[in-house]
6 protein chains.
Amino acid sequence: MAGTIAVYPGMFDPVTNGHLDLIERGVRIFDRLIVAVVTNPRKTPLFSIDERLDMLREATKGMGDIELDAFDGLLVRYVRQKKANVILRGLRAVSDFEYEFEMALTNRQMASDIETVFMAPNLEYIYLRARLVKEVARYNGDVSHYAPDYVVKKLKEKFHF
Amino acid sequence: MAGTIAVYPGMFDPVTNGHLDLIERGVRIFDRLIVAVVTNPRKTPLFSIDERLDMLREATKGMGDIELDAFDGLLVRYVRQKKANVILRGLRAVSDFEYEFEMALTNRQMASDIETVFMAPNLEYIYLRARLVKEVARYNGDVSHYAPDYVVKKLKEKFHF
Amino acid sequence: MAGTIAVYPGMFDPVTNGHLDLIERGVRIFDRLIVAVVTNPRKTPLFSIDERLDMLREATKGMGDIELDAFDGLLVRYVRQKKANVILRGLRAVSDFEYEFEMALTNRQMASDIETVFMAPNLEYIYLRARLVKEVARYNGDVSHYAPDYVVKKLKEKFHF
Amino acid sequence: MAGTIAVYPGMFDPVTNGHLDLIERGVRIFDRLIVAVVTNPRKTPLFSIDERLDMLREATKGMGDIELDAFDGLLVRYVRQKKANVILRGLRAVSDFEYEFEMALTNRQMASDIETVFMAPNLEYIYLRARLVKEVARYNGDVSHYAPDYVVKKLKEKFHF
Amino acid sequence: MAGTIAVYPGMFDPVTNGHLDLIERGVRIFDRLIVAVVTNPRKTPLFSIDERLDMLREATKGMGDIELDAFDGLLVRYVRQKKANVILRGLRAVSDFEYEFEMALTNRQMASDIETVFMAPNLEYIYLRARLVKEVARYNGDVSHYAPDYVVKKLKEKFHF
Amino acid sequence: MAGTIAVYPGMFDPVTNGHLDLIERGVRIFDRLIVAVVTNPRKTPLFSIDERLDMLREATKGMGDIELDAFDGLLVRYVRQKKANVILRGLRAVSDFEYEFEMALTNRQMASDIETVFMAPNLEYIYLRARLVKEVARYNGDVSHYAPDYVVKKLKEKFHF
């Protein structure tokens with residue numbers, strides 16, 4: 001086997017400690033890891049693509065050989081274009097599970113040579129969602145347990161400057 | 001990264017097409033794959049360890065570099081002894097999901113350097129269980145869709161010779 | 001369409017108000033309904049086949065054209081032999097759902113001309129299981145809400161005569 | 001029993017192979033089947049009622065005695081008006097299950113003489129959703145496995161003419 | 001222990017018999033119960049805060065020592081300000097379960113001295129949602145089984161005056 | 001309200017840190033807490049009633065006003081006999097949820113004046129089961145994260161003396 005290249009796609013709006021935990025695990029297992037921000041024109045994220053990439057860059061410093069990127073369109077097309085063969089996804093709860101399965105099996109239908117691989121985040125991040133982090137930050141609650149310092153700072157600027 | 005060695009543990013009582021599907025996927029992604037039959041003294045499998053290894057050997061011929069083995073005791077201890085760093089598990093349904101999570105998080109608690117990685121089998125095997133194959137074979141039903149020919153033959157010998 | 005004949009298989013150990021509720025719904029929808037007691041040699045039911053059929057007979061009196069029967073072996077083989085084309089099953093909870101799906105899809109694999117049809121019992125029986133009725137009756141608890149009088153009487157005889 | 005008339009309600013935006021699979025199963029079991037497009041003023045479907053009925057007409061040609069219709073307002077009121085006694089629904093995954101149960105039990109509360117009956121689609125359509133088909137088609141992905149040719153053509157016209 | 005004060009937060013848009021059932025259970029167990037309407041500026045409820053409080057007042061008359069209130073911002077901050085130590089939540093179905101767990105564990109992370117306590121509503125309200133009540137009322141369906149008379153009247157005024 | 005007395009029933013075979021976490025939460029919320037070991041003649045626990053009570057006594061020292069007891073027969077009968085009005089249960093995962101709901105609603109059917117109240121354990125114990133602790137200890141794995149020292153010692157004596 002020549003080497004396994006994995007793409008870890010997500011909104012990362014913003015990156016949380018749960019995402020970072022998964023990135024660390026992915027780096028340990030795959031030969032190369034590409035963290036790819038989804039740019040979906042029909043969603044309205046809190047942070048722009050540039051802000052999300054910026055926070056990811058800051059948060060993954062020193063974590064090893066990680067490529068940060070953004071893409072739109074079909075995930076499997078992007079994975080192929082990057083000559084990757086694995087999609088990495090975190091699995092946390094039953095509600096995730098069915099959505100993730102739906103996506104994984106649809107992607108496999110379109111590209112049978114690409115595998116989706118699931119990993120569990122650290123237990124303390126198992127109920128952590130970016131949506132919840134934003135909700136708590138919006139009300140000026142403490143989110144330092146859920147996101148790296150730089151992201152906490154950016155959330156404060158967004159909601160309370 | 002030097003190379004990822006994965007252990008795929010299971011009862012394989014007997015090996016089904018669902019297991020084989022996962023083995024094929026594992027071979028494509030990991031540098032080396034060890035398929036390890038669990039020998040649990042408190043369970044009473046239909047086939048002996050030797051029979052199970054024999055069926056696995058027959059079924060995985062030509063599938064690539066796969067090591068077949070058996071072990072008892074703690075899985076993480078076995079994984080370490082084999083100098084592997086990944087446990088591979090199939091995920092099919094919600095009921096699997098919670099049991100598998102429980103196992104993965106317990107194993108991580110005992111050995112934080114070993115990662116459990118989940119993959120989905122081919123859609124047509126998503127509701128396939130070895131227990132069901134045995135149940136159908138016992139009543140002389142057709143299980144050729146669920147298991148390789150050699151296993152179908154061994155099931156017939158077990159129940160109807 | 002000539003007429004839909006449905007088989008409602010189960011252990012009925014013993015028949016509960018939840019089963020009866022489903023039988024009533026089945027009678028309204030299908031041209032003929034066969035209630036078929038499973039005789040699984042590897043399970044140890046509380047009541048014998050004859051006792052279970054006897055309780056079913058008593059409980060379904062006046063409910064319409066219902067055939068009571070017992071069978072062993074593969075369900076789809078029995079359904080075909082009865083020239084039926086539908087298997088009726090109750091669905092109550094998520095844990096049921098996956099097991100029932102597994103069975104339905106396995107049966108379809110073996111006999112694509114036979115359909116499994118699911119119905120929900122009355123809301124008040126949605127968490128009712130025969131196992132629980134036996135557990136409560138064993139400790140002399142009141143099960144009159146869960147089973148018809150005749151069954152309650154038989155449970156008392158079994159546990160406390 | 002005089003005859004069972006079933007209504008299969010849905011958005012059908014657009015009709016997929018999963019819907020068609022269920023329609024075929026329904027035709028085999030019920031005396032008459034009415035496929036009824038829901039016209040919910042608070043949702044913004046991709047296709048108009050007329051387009052959806054047109055695609056259904058094309059896709060169900062030769063499938064037997066199927067009535068195609070559209071309705072708004074309460075489902076049980078529509079079912080009664082059509083003198084039907086069964087609502088047919090597909091069940092695919094656990095997440096469906098709870099929503100469908102909620103609807104079935106609410107409808108039963110309003111009309112106890114109408115039964116909801118669930119069937120499983122073919123295994124290969126078990127993770128198929130109209131939403132996903134639209135998402136893939138929007139990005140010019142191949143959806144020919146998920147929908148009949150005529151629908152694939154209409155999706156292309158919608159997104160890429 | 002000095003006394004347990006519980007806050008039961010919710011949208012109550014409008015209050016249903018399921019909510020009232022839980023309020024009655026909470027009153028029996030806790031020393032004091034505060035029913036707190038959430039005022040989330042990013043949601044568009046059918047009824048105003050004042051209307052929702054008005055319906056709650058009418059519906060909880062004579063139910064014992066209940067305080068009705070509204071709040072915005074972080075729930076745990078509100079609970080502390082009221083010197084309460086318990087958050088009361090109803091649990092109905094699996095889909096609720098994961099969302100509720102996510103909220104309970106996030107709240108515990110922010111305020112480890114506040115406990116979330118779950119209770120099951122009466123079985124007949126287990127699939128009841130305020131969203132469904134509004135949907136049925138909008139189409140002039142009968143919702144008298146799901147909500148107290150005063151709320152039924154207010155729903156009629158809202159949709160059909 | 002005179003005071004809420006809660007019974008926390010369980011096998012406690014053996015008591016784990018997850019149980020202790022729930023006991024601590026129960027003590028904070030209820031006026032009195034009775035921890036009651038279930039003595040089910042049809043199960044074969046690893047530890048005797050006396051051993052389980054002994055470990056509970058050791059583990060709950062200094063935790064406040066807790067009564068330790070054992071009972072057999074119907075739970076609701078025991079709760080009434082202790083003049084308690086609440087049953088306390090931990091909720092961890094979806095698979096728990098349905099079983100617990102089934103029990104809670106059955107108990108309510110038999111005794112409508114007794115409420116079942118659910119609480120979530122600390123996140124780190126959310127996938128912890130006594131069965132798993134025994135499994136790991138049997139193979140001489142480290143269980144010090146899952147159970148108090150005294151229990152770890154007793155497990156060692158049981159499996160390896």
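The chains referred to below are lettered A, B, ... by the order of the sequence lines, with proteins before strands, and numbering in each begins at 1. Keep in mind that the numbers below use all heavy atoms, side chains included, and drop hydrogens, waters and symmetry copies.
With a threshold of 4.5 angstrom between heavy atoms, E:Val86 approaches chain F through side-chain atoms but not through N, CA, C or O. For chain F, no part of E:Gln109 is nearby; none of its heavy atoms comes within less than 4.5 Å. Looking at E:Ala120, both its backbone and its side chain come within 4.5 Å of chain F, counting heavy atoms on both sides. Heavy-atom distances place the side chain of E:Ile126, and not its backbone, under 4.5 Å from chain F.
Considering only heavy atoms from C-beta on, F:Pro14 stays 4.5 Å or farther from F:His19 through its side chain. F:Phe101 has its side chain out of reach of E:Leu123: every pair of non-hydrogen atoms, C-beta onward, lies at least 4.5 Å apart. Using a 4.5 Å cut-off on side-chain heavy atoms (C-beta onward), E:Arg77 and E:Phe71 make no contact. In this structure, F:Leu91 and E:Leu91 have side chains that are in contact, with non-hydrogen atoms separated by less than 4.5 Å.
Judged purely by distance below 3.5 Å, without hydrogens or angles, the side chains of E:Asp50 and E:Ser48 never pair a donor atom with an acceptor atom.
For the options F:Arg89, F:Arg32, F:Glu115, heavy-atom pairs under 4.5 Å to chain E are most numerous at F:Glu115.
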